[in-house]
Structure formats: C-alpha cells, structure tokens
Protein chains: 2
Amino acid sequence: MHSYTEENYLKAIYRLSNKTDKGVSTNSIAERMETKASSVTDMLKKLSEKKLINYKKYQGVTLTKKGKQVAVSIIRKHRLWEYFLVEHLNFNWDQVHPVAEELEHIKSELLIERLDEFLNYPKYDPHGDPIPDKEGNFPIPSRIKLTEMSKGQKSVILGVMENAASFLQYLDKLGLNIGTEVKVVEKHNFDNSIDLLINNKQTVHVSHEVARNIFVSN
Amino acid sequence: MHSYTEENYLKAIYRLSNKTDKGVSTNSIAERMETKASSVTDMLKKLSEKKLINYKKYQGVTLTKKGKQVAVSIIRKHRLWEYFLVEHLNFNWDQVHPVAEELEHIKSELLIERLDEFLNYPKYDPHGDPIPDKEGNFPIPSRIKLTEMSKGQKSVILGVMENAASFLQYLDKLGLNIGTEVKVVEKHNFDNSIDLLINNKQTVHVSHEVARNIFVSN
DNA sequence: ATTATTTTTTAGACTTATCTAAAAATATTT
DNA sequence: AAATATTTTTAGATAAGTCTAAAAAATAAT
Ligand SMILES: [Mn+2]
Ligand SMILES: [Mn+2]
Ligand SMILES: [Mn+2]
Ligand SMILES: [Mn+2]
C-alpha cells in the first residue's frame, strides 16, 4: 500500500492546504516535515505518480480525492488512538501525540473499526480536534481563538492548536484544560496578554502566544 | 534505537535458538524470515556490530544478553497486543497475529506498561503462549503435544504451535479451542491420526499434522 | 527592464535493506 | 583422502528515502 513516509507527507499536505487556498508550496512541506526541499520534490513526484496529489513543477500541490481520503484516514487513526491512550491507558494529553504518530500507521481496517466501536465512537480527541468517522466526515467545530474574546466575555475551552508537550504541560500548570470555563477580565494592549478568571475561581495571566493557541466556544 | 527489521531478525533468532542447542544457522534464519541467505549475512554483521548477537563467520549465531532482552520484549509486546485484540476488540484468535506483527514494533515503554496494567497482567496470549513480564520472565508451561497422548488419556488444550489463520479456523471448525477437554479414543498407526472425544460430546478425527501442532496439559 | 533574491528542481552521493551470481568454506560421500 | 554437495559469504546491483551543491525558474526590488 503506502509507506509510512508517504502517509506522513499526505498528512502534512492536508494540514497545510487547510491554511491556504493556493497550492501547498514545496518549502512549507519541507519545513513541516523537517526535511529538505529537494527531498520533498522527490516525494512529490512519487505521490503524483500514484495519483495522490496534483503536481506541476513550480506550481505547488493539492491533494486528489484519493490523497485526501488517505490523509483523513490517517488523521482518524491518530485521533482515535490518542483518545484510547487518554481514556483507557491513563495517558495525559501531553503524552499521547508521539505514540499516536506511530500507531496511526498500523494497517488494519478491522482494527480501527473495532477500536472506534470499543471507544464508543468518540467525536473529539484529547486536544479537542474532531475525529473523522469511517466515511471521513467530521464536524468543523464552531470555535474561536481565545485572543478573539472581548473583555468581559465568558467561554469554555474547546481545544488547542499546538500539541507540543511543553505547551500542554504549561496549560496544566495554569489550570487550563478542555472544559475549563474562562472569563476575560482584562486585555493588555501593549503585549496583547490577557487576564483570565478560570472556573470563577483563580485569575491567571496568559501571554498572546499562549492565548492564540487556545480555542474557546463561540 | 533498532529498526523493525533488526527487531524481526532478533525475534527469529530467539525462536530458532529454542529449537537447537548449537548456534542458529544462516539458512534457517533466511527460511524463517522468507529472505535470502546473503541478506541474512548482511544483517548478522550489523547485529554483531551492535553487540546483539555473537557471530563468527560460518559458525552460526547466538543472542547476547542484550539481544535476548530485545527479542523477549518484542514477544511481550506481540502477545499483549494479541490479548488486547481478542479480549477487548472482539478479534478471533485467527485474526490477531498479522496485526500484532505490526503493533509489536511501537516504541513506548509507557504504552506497554499501561497496556499490561489495563489488561490486568495476563499470563497467556490467545494461542496459549506465555506473556513475558516487564522483567522478561515467563513460565515455561508444562505441556505436551497432542501426539504424545496415549489412548484413553484425558487432557485439556492449552495452546497451539502454529498460528496460521487457516489452521486456527480449521480448529474452530473441529470444535478445538483453548480450554477444550479432549480424550484420545483411538490412535491409528498407519497415518498417526487420532480420534478425539471433545468435551465428552462429539468425536472428531484429527490428522497427525494437526495433532502435532496442538499442546495439551501434562 | 534589468538585477537581485527566493523558491524549486536537478544531479549526484549516501544509507538501509534487499537481491542475484559467483567465490569460499564446511560438511558429506565415495 | 579426494571428490561432491551444501552452506555461507562476498561482490556488485537495485529501490526507497535522504542529503549537499549547483542549476533553473519564479518573485521581488531597483
Ligand atoms: Mn496528535
Ligand atoms: Mn505519522
Ligand atoms: Mn502471534
Ligand atoms: Mn514483527
């Protein structure tokens, strides 16, 4: 079928194409995959050969229908495994990503179907990202960035944009988790940092960099 | 760390070394790995370089302490995953092996520790093979081959030597599973086949080839 | 419209794991 | 002990994925 490497490229292209309406650039892929542009070009030729992407020299790439299907199925597996690790093996949300990065490549339709059933068809992963169903469909969650909240507004944390362990551990320390109720007490203009009242108890101060990686209810 | 391929070679050598007291031959490894002897030689040099095996040209190989540890840890993972698939994802015992063959290579100490805990530290996998604990220790089950039973003897099926789906499906069809009580009704000398009374109900006829792949209580 | 900069591709090399074919060592037969 | 057969190793090739360095194309700046 497809190699781990091919699958990872497709996933990267999928994620990048959600951030632009043009084709995805070779360099952006290289950056995301932590590899060199020349390696990316080699792989693009191969993926194009396999009809997984639309590729014309110097033009950037888009996923074909087939390519998108593969990408979404990898994301589905990734998120289902993350859910499993947190809900059944007592992993913390900052520990699951690297393991899911491996598990997502296990090739068994039956496995993932049964896992989904075992988990009772969860809709969101531990970071608040939607889990595609068997057909590849998933809701685009209605949510805004914490930075977009206005003073006095109340919301609930729905997810995070950044999955790095250090970031998630920092959120744990601040007491910010999925489901946490937050109210914007103050917005500081000079550095765009925010004072938050969490669960109507403590107040914490979050930097712009932190706030822009947190999704809250709309 | 070690590549999937290296891990598979170590596992193969481990299994083969349990069947001989001499060193394991290049050819036997090639046969088990379904590859060519020349490829095996290449890998032996590499594993030797990494101090995972004791290798001298033309002499056959043995695992070092380190090599044995790796092999047993892979087997531990393989069998824990098989147990998980059967007990929690409703796989049949003939479906688990190829999937476990992939899962066994996932590299996370925490994952396998937590999985073991979640499964409640099972002692045997779905084929009756013992599951090594965290330290690599496991009981050598006291069992004999079905072919070694004498006429009139009663025993319980404890495991199978062959994990091929076709074999296990055939056993299902015959009504032979782990835990099934069997009594030798007749042994036919001319082809070494056996008539078995199972669970004091039906009688089935099993060939020598089938019987020698079934383990029963001693 | 040139020139300069950035992006992308090509050319050639390296690594891992594999193969075929041939050579070397070991084991078996006569 | 010599000849024959088998096993194992070497030599050289190939495919996947990566890299560096250089060339080509596209963008941006003057
Ligand atoms: Mn993740
Ligand atoms: Mn991945
Ligand atoms: Mn197995
Ligand atoms: Mn394996």
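Scope of the values below: all heavy atoms of this structure, side chains included, with no hydrogens, waters or symmetry mates. None of these values were measured; they are calculated from a predicted model. By convention in this document, chain letters (A, B, ...) are assigned in the order of the sequence lines, proteins followed by strands, and residues within each chain are numbered from 1.
Trp93(B) approaches Leu168(B) most closely through the heavy-atom pair O-CD1, 3.2 Å. The shortest heavy-atom contact between Arg114(A) and Leu89(B) is NH1-O, 2.9 Å. Across Glu102(B) and His105(A), no two heavy atoms sit closer than the pair OE1-O, 4.0 Å. For Leu111(B) against Ile106(B), the heavy-atom pair with the smallest separation is CD2-CG2, 3.7 Å.
What separates CG of Asp42(B) from C1' of dT16(C) is a distance of 10 Å, to the nearest Å. What separates CG of Leu44(B) from C1' of dT8(D) is a distance of 10 Å, to the nearest Å. Atom-to-atom, OH of Tyr55(B) to C1' of dA25(C) comes out at 12 Å; the value is rounded to the nearest Å. Computed from coordinates, the Glu31(A) CD to dT7(C) P distance equals 10 Å when rounded to whole Å. For the pair Ile29(B) CD1 and dT9(D) C1', the interatomic distance rounds to 14 Å; values are reported in whole Å. Look at CD on Gln59(A): it is 10 Å from C1' on dA25(D), rounded to the nearest Å. Atom CG of Leu47(B) and atom P of dT16(C) are 13 Å apart (whole Å). Look at CD on Glu6(B): it is 10 Å from P on dT18(C), rounded to the nearest Å.
If you look at His88(B) and Tyr83(B), their ring centroids are not closer than 6.0 Å. Ring pair His127(B)/His97(B): centre-to-centre distance not below 6.0 Å. If you look at Phe138(A) and Tyr124(A), their ring centroids are not closer than 6.0 Å.
Between Thr41(A) and the phosphate of dT9(C), there is a side-chain N or O to OP1/OP2 separation shorter than 4.0 Å. Contact annotation: Thr26(B) side-chain N/O to dT7(D) OP1/OP2 distance is not under 4.0 Å. Remark: Lys57(A) is not in phosphate contact with dA24(D), judged by side-chain N or O atoms under 4.0 Å from OP1 or OP2. At dT16(C), none of the side-chain N or O atoms of Ser3(B) fall inside 4.0 Å of OP1 or OP2 (strictly under the cut-off). Using a 4.0 Å cut-off, no side-chain N or O of Asn27(B) falls inside it from OP1 or OP2 of dT6(D). For dT10(D), one of the phosphate oxygens OP1 or OP2 lies less than 4.0 angstrom from a side-chain nitrogen or oxygen of Lys45(B).
Contacts of residues 7-22 of chain A with DNA chain D (heavy atom under 4.0 Å): Tyr9(A).
With dT9(D), dT18(D), dT20(D) as the candidates, the nucleotide lying closest to the side chain of Ala37(B) is dT9(D). Residue Ser38(A) has its side chain nearest to dT10(C) when only dT10(C), dT8(D), dT8(C) are considered. Comparing dT8(D), dA25(D), dC19(C) by their nearest atom to the side chain of Tyr58(A) picks out dA25(D).
Closest-nucleotide positions on DNA chain D for Lys36(A) and Tyr4(A) were compared, and the one nearer the 5' end corresponds to Tyr4(A).
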Would you check, one step at a time, whether the test ring-ring contact (aromatic ring centres under 6.0 Å, His included) holds for Tyr4(A) with Tyr9(A)? CA-CA 9 Å; Tyr4(A) 285 20; Tyr9(A) 271 96; over 10 Å; no
